[in-house]
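Report on one structure; see the data block that follows.
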Amino acid sequence: MKNTYISDSIVYVGVDDRTIDLFESQYHVPNGVSYNSYIIFDEKIAVMDTVDARGTESWLKNVKEALGDKTPDYLVVQHMEPDHAGNLKILADMFPDMKLVGNKKTFPMIRQFFELDLPEERIVTVGEGDTLSLGKHVLQFFMAPMVHWPEVMVTYEQSEKILFAADGFGKFGALDAEEEWTDEARRYFINIVGKYGAQVQALLKKAATLDIQMICPLHGPILREDLGFYIGKYLTWSSYEPEEEGVVIAYASIHGNTAKAAKQFAAILEEKGAENVTLFDLSRDDMAEAIAYAYRYDKLVLAAASYDGGVFPCMEDFLNHLRAKNFQKRKVAYIQNGSWAPSAGKVMKSLIEPLKNIREVEPMVTIKSALKPENVSELEALADALLA
């Protein structure tokens with residue numbers, strides 16, 4: 001994306017990355033990702049974050065074109081993760097008089113990531129609510145620990161009422177990707193920040209005290225209109241409440257019989273009037289999307305084959321991801337399959353039961369090898385209980 005003035009004084013200098021296949025080496029990003037960076041021009045000039053090393057060449061070109069013969073006075077470091085601080089040393093070396101702005105947790109991380117000798121006169125340490133005047137523009141800093149690293153802070157520009165939101169309100173996908181915001185923002189939030197709902201809620205309380213007219217995240221599009229919609233989504237996601245009624249059926253099938261049972265159960269649910277019934281084959285479908293949909297809807301059905309006296313591994317992986325992301329406040333039902341000693345149900349329940357506010361739905365349906373007529377009636381009963 002070319003340099004774009006997002007206001008009379010603020011320029012976007014970020015880059016799109018269409019070559020990346022896995023974000024954080026684990027999340028599929030078929031439409032790439034953006035690394036956002038901004039420059040505020042005033043009596044003093046502030047660069048807001050850098051970008052990933054993958055985007056160094058394009059970002060430096062953008063920065064140089066935006067600055068012209070000017071020199072930045074500050075680099076504001078909101079987040080030290082390498083996709084945002086990857087070019088911190090390059091910029092610091094390029095402009096030796098430029099000061100770095102961060103909090104007390106930022107600078108130890110800088111020393112961990114980079115061989116960079118920063119004398120005291122180049123360090124500006126800020127705390128909760130502190131301000132930094134650039135002239136007409138005044139930056140106010142709010143700490144956002146564990147959203148999603150401990151050193152994260154966000155910055156509110158008082159004159160133009162802009163929230164530079166660090167990883168908040170970000171999404172997967174390059175800026176030129178033609179896609180709706182919610183699905184990729186949800187997948188991003190749940191998988192990247194999902195564990196830290198309480199911390200996100202604390203940040204949202206701070207944001208509620210501010211008059212915000214624009215949100216500038218470090219990934220994804222700049223948000224200018226209908227900000228209540230985006231903030232509302234964050235309130236829902238961070239409180240672990242379902243967005244809407246619906247059923248996710250996540251299945252782990254070895255030879256196809258558990259898959260047949262899961263698909264049969266989906267058909268039964270739809271015949272009974274259930275809406276938004278979504279199936280995920282955990283052996284093949286995107287794990288991050290399956291996790292995001294489990295948060296989207298209020299009901300989850302786990303269907304798995306027994307394996308080595310436990311559960312088929314992709315189901316265990318799915319449940320461990322849910323546990324890591326603080327999954328809660330849902331109805332959960334079980335379908336297990338085993339040819340001689342069904343064990344999947346016991347393992348699935350053992351992983352789900354410690355979670356908060358989970359309503360387990362009975363009866364568990366047990367299939368031995370392949371779906372039989374008597375299993376269909378059991379699935380009918382389970383569907384009635386799930387939809388009750």
Between Y234 and W237, what is the ring plane arrangement, given parallel below 30°, perpendicular above 60°, and tilted in between?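 Ring orientation of Y234 relative to W237: tilted.
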Closer than 4.0 angstrom, basic N to acidic O: yes or no for [X] and [Y]?
X	Y	answer
E360	K331	no
K136	E43	no
K349	E362	yes
D17	R54	yes
D93	K89	yes
D183	R296	yes

[X] and [Y]: same hydrophobic cluster, using ILVMFWY side-chain contacts below 4.5 Å?
X	Y	value
Y240	V248	yes
I249	I291	no
L322	V301	no

Please check if any side-chain donor atom of [X] sits under 3.5 Å from a side-chain acceptor atom of [Y], or the reverse.
X	Y	value
N62	E65	no
H137	D42	yes
N87	T56	yes
S306	Q336	no

Quick one: does any side-chain atom of [X] pair with a main-chain N or O of [Y] as donor and acceptor, under 3.5 Å?
X	Y	answer
Y230	L223	no
N103	V126	no
D285	A290	no
E81	H84	no

Inspect the surroundings of [atom1] in [X] and state if more than 12 heavy atoms from other residues, nucleotides or ligands are less than 6.0 Å away.
X	atom1	value
Y307	OH	no
E244	CD	yes
K272	NZ	yes
D211	CG	yes

Is the shortest heavy-atom distance from the side chain of [X] to the side chain of [Y] under 4.5 Å?
X	Y	answer
L319	M348	yes
P145	Q199	no
F141	V76	yes
E241	K329	yes
D167	H79	yes
I20	D52	no
Y5	I10	no
M287	D317	yes

Does F142 have its ring centroid less than 6.0 Å away from the ring centroid of Y156?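 Between F142 and Y156, the centre distance exceeds or equals 6.0 Å.
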Would you say the rings of Y12 and Y38 are close, in the sense that their centroids are separated by under 6.0 Å?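 Centroid distance Y38-Y12: below 6.0 Å, so yes.
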Could you tell me which residues satisfy ring pair (Phe, Tyr, Trp, His ring centres under 6.0 Å) with F172, sequence neighbours excluded, listed by chain and number?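 F172 satisfies ring pair (Phe, Tyr, Trp, His ring centres under 6.0 Å) with F23, Y188 only.
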Pairs involving residues 117-131, ordered by first then second residue, that meet side chain to side chain donor-acceptor pair (under 3.5 Å) (sequence neighbours left out):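 Residue pairs passing side chain to side chain donor-acceptor pair (under 3.5 Å), neighbours aside: E128-K206.
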Of the options I222, I162, L227, V154, which is the one that meets I215 in a side chain to side chain contact (heavy atoms under 4.5 Å, CB included)?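 In the set I222, I162, L227, V154, the residue that makes a side chain to side chain contact (heavy atoms under 4.5 Å, CB included) with I215 is L227.
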Among I40, V47, V101, find the one that has a side chain to side chain contact (heavy atoms under 4.5 Å, CB included) with Y74.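 Exactly one pass, corresponding to V101.
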